[in-house]
Amino acid sequence: MDIGVISTRYARALLRTATDAKLEDKVYQDMMTVAQSYIEVPALRHTIAGPMLPKEQKQALLETAAGAKPADLTRSFISLVLKEDRETVMQFIANSYVTLYRKQKNIIRGKLTTAARVSAQTEQKMRRMVESKTQGTVEFESEVNPDIIGGFILEYDTFRMDASVKTKLNTILQTLKK
């Protein structure tokens, strides 16, 4: 069976159970932490997938990857994944849960890139603008990138607004080359 199908089925079942128990927000935080742990520690995937580590140690490792205090439901779910020998797809399950949760809660990811740090008010204003256009909640990420020289780049959903000085200068340069 396909990894995408397996991970989505497990994630959907976890989301349904978490929603029924009113723990979907906590499990969402746990699954985001698991997904981030796999990104930050590439050896985690090989360690969890490897046959040398006993299931108890894999359980402890995945619980640690879920954060400081994972929900009991998260711990039980990890145990189920290990019991069913599906630990090799745990990263995909975590990512699928995050995606399904965001869809269920109408959460859009947004990113604001600026040349210098902006005030909290400016960031909040951009967040409200995106929320008004999408009729959803926005998880906003801010990034400082001095390479854009000035202005900003706003990205959300499939939309990208590039109002950076660097892009404007490159556009002018391309026009002059013609």
Side-chain angles (χ1 to χ4, degrees), residues 1-113 117 120 123-124 126-128 130-131 134-145 154-159:
M1 193 175 274
D2 173 310
I3 289 173
V5 172
I6 293 168
S7 60
T8 302
R9 284 183 181 170
Y10 274 81
R12 195 172 284 133
L14 177 60
L15 181 58
R16 198 172 316 119
T17 304
T19 301
D20 290 346
K22 302 213 182 315
L23 291 170
E24 70 271 22
D25 298 338
K26 175 61 177 136
V27 174
Y28 173 63
Q29 294 301 320
D30 294 346
M31 289 299 117
M32 282 198 340
T33 305
V34 168
Q36 192 61 38
S37 294
Y38 272 97
I39 291 169
E40 291 175 4
V41 185
L44 180 60
R45 182 185 313 175
H46 300 294
T47 303
I48 294 298
M52 300 305 289
L53 203 62
K55 299 274 186 193
E56 301 80 36
Q57 288 181 335
K58 289 181 181 184
Q59 175 85 29
L61 191 56
L62 286 170
E63 286 180 16
T64 301
K69 279 194 95 174
D72 289 338
L73 179 58
T74 301
R75 286 200 288 277
S76 296
F77 180 74
I78 291 169
S79 180
L80 172 71
V81 168
L82 290 168
K83 180 178 165 249
E84 298 297 325
D85 294 321
R86 297 292 192 189
E87 62 266 27
T88 57
V89 295
M90 188 63 203
Q91 179 181 14
F92 301 102
I93 294 169
N95 286 324
S96 294
Y97 182 92
V98 168
T99 300
L100 292 169
Y101 175 91
R102 287 179 180 154
K103 187 174 182 180
Q104 177 177 303
K105 300 284 186 173
N106 195 23
I107 297 173
I108 292 98
R109 301 267 306 144
K111 182 177 179 183
L112 176 64
T113 305
R117 182 152 310 284
E123 190 176 310
Q124 187 62 26
M126 297 296 258
R127 176 181 286 120
R128 279 195 302 269
V130 172
E131 286 176 345
T134 62
Q135 266 70 75
T137 305
V138 176
E139 282 184 354
F140 220 60
E141 175 186 338
S142 292
E143 179 182 295
V144 175
N145 181 353
L154 177 64
E155 300 170 283
Y156 64 90
D157 207 16
T158 58
F159 178 79

When every non-hydrogen atom of Ala94 is compared with those of Ala35, the smallest separation belongs to CB-N, 4.1 Å
Between Ala65 and Ser37, which heavy-atom pair has the shortest distance, and what is it? O-OG, 2.8 Å
Mind listing the closest non-hydrogen atom pair of Ile48 and Lys58 along with its distance? O-NZ, 2.9 Å
Mind listing the closest non-hydrogen atom pair of Thr33 and Gly67 along with its distance? CG2-N, 3.7 Å
Can you check whether Met31 reaches Thr74 side chain to side chain, under 4.5 Å on heavy atoms? yes
One should read off an interatomic distance between Ile93 CD1 and Thr88 OG1, to the nearest 0.5 angstrom, of 8.5 Å
How many angstroms lie between atom OG1 of Thr19 and atom CD of Glu24, to the nearest 0.5 angstrom? 4.5 Å
Is any side-chain heavy atom of Arg9 closer than 4.5 Å to one of Val5? yes
Tell me, do Tyr101 and Met32 make a side-chain contact under 4.5 Å, heavy atoms counted? no
Should the heavy atoms of other residues, nucleotides or ligands under 6.0 Å from NZ of Lys55 be counted, would the total exceed 12? yes
What I'd like to find out is whether the side chain of Ile108 reaches to under 4.5 Å of the side chain of Asn106, using heavy atoms alone. yes
Taking all non-hydrogen atoms of both residues into account, name the closest pair between Lys69 and Lys26 and its distance. O-NZ, 2.8 Å
Glu63 side chain vs Arg75 backbone, donor-acceptor pair below 3.5 Å: no
Heavy-atom count around Arg45 CZ within 6.0 Å, excluding the residue itself: above 12? no
Mind checking whether Leu80 and Ser76 have side chains closer than 4.5 Å, heavy atoms only? no
I need the Ile3 CD1 to Thr8 OG1 distance, nearest 0.5 Å. 11.0 Å
Do the non-hydrogen side-chain atoms of Val138 and Tyr156 ever get within less than 4.5 Å of each other? no
Report yes or no: does Asp157 contribute a side-chain atom to a donor-acceptor pair with the main-chain N or O of Phe159 at less than 3.5 Å? no
Quick one: do Tyr10 and Phe77 satisfy side-chain contact (heavy atoms from CB on, under 4.5 Å)? Show the steps, please. CA-CA 9 Å; Tyr10 274 81; Phe77 180 74; 3.9 Å; yes
Close side-chain approach of Phe140 to Gln124, heavy-atom, < 4.5 Å: no
Out of curiosity, Leu100 CG to Arg16 CZ, how far, rounded to the nearest 0.5 Å? 10.0 Å
Are there more than 12 heavy atoms of other residues, nucleotides or ligands under 6.0 Å from atom NZ of Lys105? yes
Exercise: identify the closest heavy-atom pair between Leu62 and Met90: CD2-CG, 4.0 Å
Nearest-0.5 Å distance that lies between atom CG in Leu73 and atom NZ in Lys22: 14.0 Å
At what distance, to the nearest 0.5 angstrom, does OH of Tyr97 lie from CG of Leu14? 5.5 Å
For the residue pair Val34 and Asp30, establish whether any side-chain heavy-atom pair is separated by less than 4.5 Å. no
